[in-house]
Amino acid sequence: MNSDRIKKGVTRAPHRSLLYATGLTKKAMSRPFIALVSSFTDFIPGHAGMRDMERYIEKGVHSGGGQMFYTSVPGVCDGISMGHIGMHYSLPTRDLIADMIECVITAQAFDGVIFLTNCDKITPGMLMAAARLNIPAVVVTAGPMIAGHFEKQRRDLVHDAFEAVGRRLSGEISAKQLDGLEMCSCPGSGSCQGLFTANTMACLTEAMGMSIPGCATGLAVSANKRRIAMDSGELVVDLVRNGIKPRQIMTKKAFENAVMVDLALGGSTNTVLHLPAIAYNAGVPFDLGLFDRLSRKTPQITNIRPSGDHFMEDLEYAGGLPAVLKSMKNLVHGDAKTVSGKTISEIIAEAVIADSDIIRSQDKAYKPEGGIAILKGNLAPKGCVVKQSAVSKAMMKFSGKARVFDSEEAAMKAATSGDVKAGDVVVIRYEGPKGGPGMREMLSVTSAITGMGLSDSVALITDGRFSGGTRGPCIGHVSPEAMEGGPIALVREGDKISIDIPKRTIKLEVSAKELKARAKKWKQPAPKITHGYLTRYARMVTSAADGAVLK
């Protein structure tokens, strides 16, 4: 076992002495050492209920014959950090989390790891660490939040708190209604209630085999989630004894299964950053085109918020991820292995689709293609991403005049002051991995525009990101980014931009000669942030087209 290097032999007497100082018994010294890497914090709703989960994981580890030790990583809530300087730090925490876990788990010589996670960048950060360390590991996602209720309707964070800002500014709702929505949209612990990034990543973690069946949709603070936590604790000890490691699970087939599930669900565009980053750490080749190739043959079989009407709790009661896989059984790789010891085919054989409207068959799919599309053209030679499942039919093809903003704040000011009009293409640049730095999400801007009723007449384009909660023709991850001198840096106010999602094209209607002339005059602007971690991050981070990893 890995832990033998700190607990066996005469020379390890000082090491054992320090371990005994923690209260460890001599009998426990012979057990597998299991780390619980928890992301508990009482500041993030998705993580506030994790203390209870930690207890049940510990029960499971000890029931399985292991010795568990707590360690932790920090977390950032994307919703709370949205729309201000805090969002610069969200994506960069993903790589910090992976690095911190690598340092602690390697230095302390653990035999296995159980990861307790839930929210946007924490889950991929932990999966990156699992792939990099390649010691037995199980991921437990803490579960979705139940729906809120206000004025006899179910509510969620994005539709009913973020978009309420635009509705209040336009006079559609009263100040009292806004107060009610902000009080009731998020009723307790758990990840926000739709297929935003946190829940999308939970689903993909299960789809690639790193969580036990039912984990992704098991609701936060439920008895079912306690059982999942305890079972996962027992399981990780078995994985140590049997020598089952993450790279035996996270194979090329597993990543393809994850992409297909993402497309079938209509999940967050942030997965286009996270899956390549996890694959990079697992040593699995992964190119951006995989999303588009699989999207052409993978229909969207659920209709969950933000692009639909259902909630994560509906998906749970309809059968969860196993039922989704059952509807996709002719598409996914059934022989892919999972930490549970079962193959995907074996999980499918036991699954039940309890509601055939929430999880539809492929011949009755909500949409014929998957939820994500990759566009290319002279504005984005290396590609850009759109959540086509959240785009209305009327906006699948769109041309308009560019409204150019060099920061999210400038775009937000224009949007909330009524300076964005129907027919505009809002271009937000210098918000990419290097230019942001940190590749901020633009949920505040998109929610304001949607709340004002402009989602079917205004398009948004950015080298930054859009939240998993974004609706409308919002195109992100434009690569190369503006800070690298990409074509998005050359767009001028009033330029015509044409978008054709079915044909997967995005075009700046400016001649090549004119773009070349503009490029000669372009000068890289000064960094927005010139101190601390983000300066190092900006120097090291790669393009969004490569997953924005640190190489």
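Below, each value reflects all heavy atoms present in this structure, side chains not excepted, and no hydrogens, waters or symmetry copies. Source: prediction; values computed, not measured.
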Measuring from atom CD1 of I359 to atom OH of Y317, what distance do you get when rounded to the nearest 0.5 angstrom? 14.0 Å
Q193 side chain to L157 backbone, donor-acceptor under 3.5 Å: yes
On a heavy-atom basis, the closest approach of A164 and L181 is CB-CD1, 3.9 Å
E431 side-chain N/O to E408 backbone N/O, donor-acceptor pair under 3.5 Å: yes
Are the side chains of F40 and H47 in contact, using a 4.5 Å heavy-atom criterion? no
Charged N to carboxylate O below 4.0 Å: is that the case for R504 and E369? yes
Between side-chain atoms of residues 531-541 and protein atoms elsewhere (two or more places apart, or another chain), which donor-acceptor pairs fall under 3.5 Å?
unit_1	atom_1	unit_2	atom_2	d
Y533	OH	P92	O	3.0
T535	OG1	G532	O	2.6

Under 6.0 Å from the NZ atom of K367, do we count more than 12 heavy atoms belonging to anything else shown? yes
Between D419 and R403, is there a side-chain N and carboxylate O pair less than 4.0 Å apart? yes
Using 4.0 Å as the upper bound for N to carboxylate O, is an ion pair formed by K382 and E481? no
Exercise: identify the closest heavy-atom pair between P525 and M483: O-CE, 3.3 Å
Set out, in order, the CA-CA distance, both residues' side-chain angles and the distance that settles side-chain contact (heavy atoms from CB on, under 4.5 Å) for S81 and Y89, then state yes or no. CA-CA 8 Å; S81 63; Y89 288 87; over 6 Å; no
With rounding to the nearest 0.5 Å, note down the distance linking OG in S389 to CG in N303. 8.5 Å
Working for side-chain contact (heavy atoms from CB on, under 4.5 Å), residues F398 and V425: CA-CA 9 Å; F398 182 76; V425 178; 3.7 Å; yes
Between V491 and I497, which heavy-atom pair has the shortest distance, and what is it? CG1-CD1, 4.3 Å
Has N281 got a side-chain atom pairing as donor or acceptor with I278's backbone, closer than 3.5 angstrom? no
Exceeds 12 heavy-atom contacts within 6.0 angstrom, atom CG of D287: yes
Worked verdict on E514 versus R492 for salt bridge (charged side-chain N to carboxylate O under 4.0 Å, His left out): CA-CA 11 Å; E514 171 62 17; R492 292 180 180 174; 3.7 Å; yes
Here the pair of heavy atoms bringing I301 nearest to A365 is CG2-CB, 4.2 Å
Spatial distance of atom CZ (F466) from atom OG1 (T446) [nearest 0.5 Å]: 6.5 Å
K121 and its side-chain hydrogen bond (donor to acceptor under 3.5 Å, both in side chains) partner, picked from T93, T197, D78: D78
Minimal heavy-atom distance between T141 and N118, with the atoms involved, is C-OD1, 3.9 Å
Between L275 and V259, is any pair of side-chain heavy atoms under 4.5 Å apart? yes
Are any of the side-chain heavy atoms of E441 and S90 separated by less than 4.5 Å? no
Look only at the side chain of R296 and the backbone of R293, and say whether a donor-acceptor pair between them is shorter than 3.5 Å. no
Side-chain contact, heavy-atom cut-off 4.5 Å: P487 with P381? yes
Spatial distance of atom CG (L195) from atom OG1 (T200) [nearest 0.5 Å]: 4.5 Å
Going by the side-chain contact (heavy atoms from CB on, under 4.5 Å) test, name the single residue among L375, D463, T269, I374 that passes it with C384. L375
Between the main-chain N or O of S174 and the side-chain N or O of Q177, is there a donor-acceptor pair closer than 3.5 Å? yes
Can you give me the closest heavy-atom contact between V261 and A207, atom names plus distance? CG2-CB, 3.7 Å
May I have the step-by-step check of side-chain contact (heavy atoms from CB on, under 4.5 Å) for F405 and V426, ending in yes or no? CA-CA 8 Å; F405 304 96; V426 176; 3.8 Å; yes
Can you pull out every side-chain hydrogen bond (donor to acceptor under 3.5 Å, both in side chains) where at least one residue sits in residues 452-462? Sequence neighbours excluded, please. S392-D456
Before you tell me yes or no, could you show the steps for T217 and M312 under side-chain contact (heavy atoms from CB on, under 4.5 Å), namely the whole-Å CA-CA distance, both residues' side-chain angles and the distance that decides it to 0.1 Å? CA-CA 7 Å; T217 59; M312 287 302 295; 3.8 Å; yes
Tell me whether T542 contacts the main-chain N or O of V549 through its side chain, where contact means a donor paired with an acceptor under 3.5 Å. yes
Can you check whether I80's main-chain N or O pairs, donor with acceptor, with H84's side chain at less than 3.5 Å? yes
Any sub-3.5 Å donor-acceptor pair from D355's side-chain atoms to D357's backbone N or O? yes
Output yes when a side-chain donor or acceptor of R518 lies under 3.5 Å from a complementary backbone atom of L490, and no otherwise. yes
Any carboxylate oxygen within less than 4.0 angstrom of a Lys/Arg side-chain nitrogen, looking at E409 and R440? yes
L204, L290, V284 screened by side-chain contact (heavy atoms from CB on, under 4.5 Å) with F255, the one that passes: V284
Between M442 and M82, is any pair of side-chain heavy atoms under 4.5 Å apart? no
Under a 4.0 Å threshold between the charged nitrogen and the carboxylate oxygen, would E313 count as salt-bridged to R154? yes
Answer yes or no: is there a side-chain heavy-atom contact under 4.5 Å between S39 and M126? yes
Please tell me if the side chains of F291 and D262 come closer than 4.5 Å, counting only heavy atoms from C-beta onward. yes
How would you list, by chain and number, every residue that makes a salt bridge (Lys or Arg N to Asp or Glu O under 4.0 Å) with D406, sequence neighbours excluded? R429
Passing candidate, side-chain contact (heavy atoms from CB on, under 4.5 Å) with T117, options V73, L127, I97, V139: V139
Would the distance check show the side chain of S327 and the main-chain N or O of L325 forming a donor-acceptor pair, the cut-off being under 3.5 Å? no
How long is the gap from NE2 on H310 to CG on L315, to the nearest 0.5 Å? 10.0 Å
Student check: side-chain heavy atoms of H88 and I529 closer than 4.5 Å: yes
State whether R305 and D160 are salt-bridged, where the test is any N-O pair (Lys NZ or Arg NE/NH1/NH2 against Asp/Glu carboxylate O) under 4.0 Å. yes
Between NZ on residue K551 and OH on residue Y280, distance to nearest 0.5 Å: 5.5 Å
K528, NZ: over 12 other non-hydrogen atoms inside 6.0 angstrom: yes
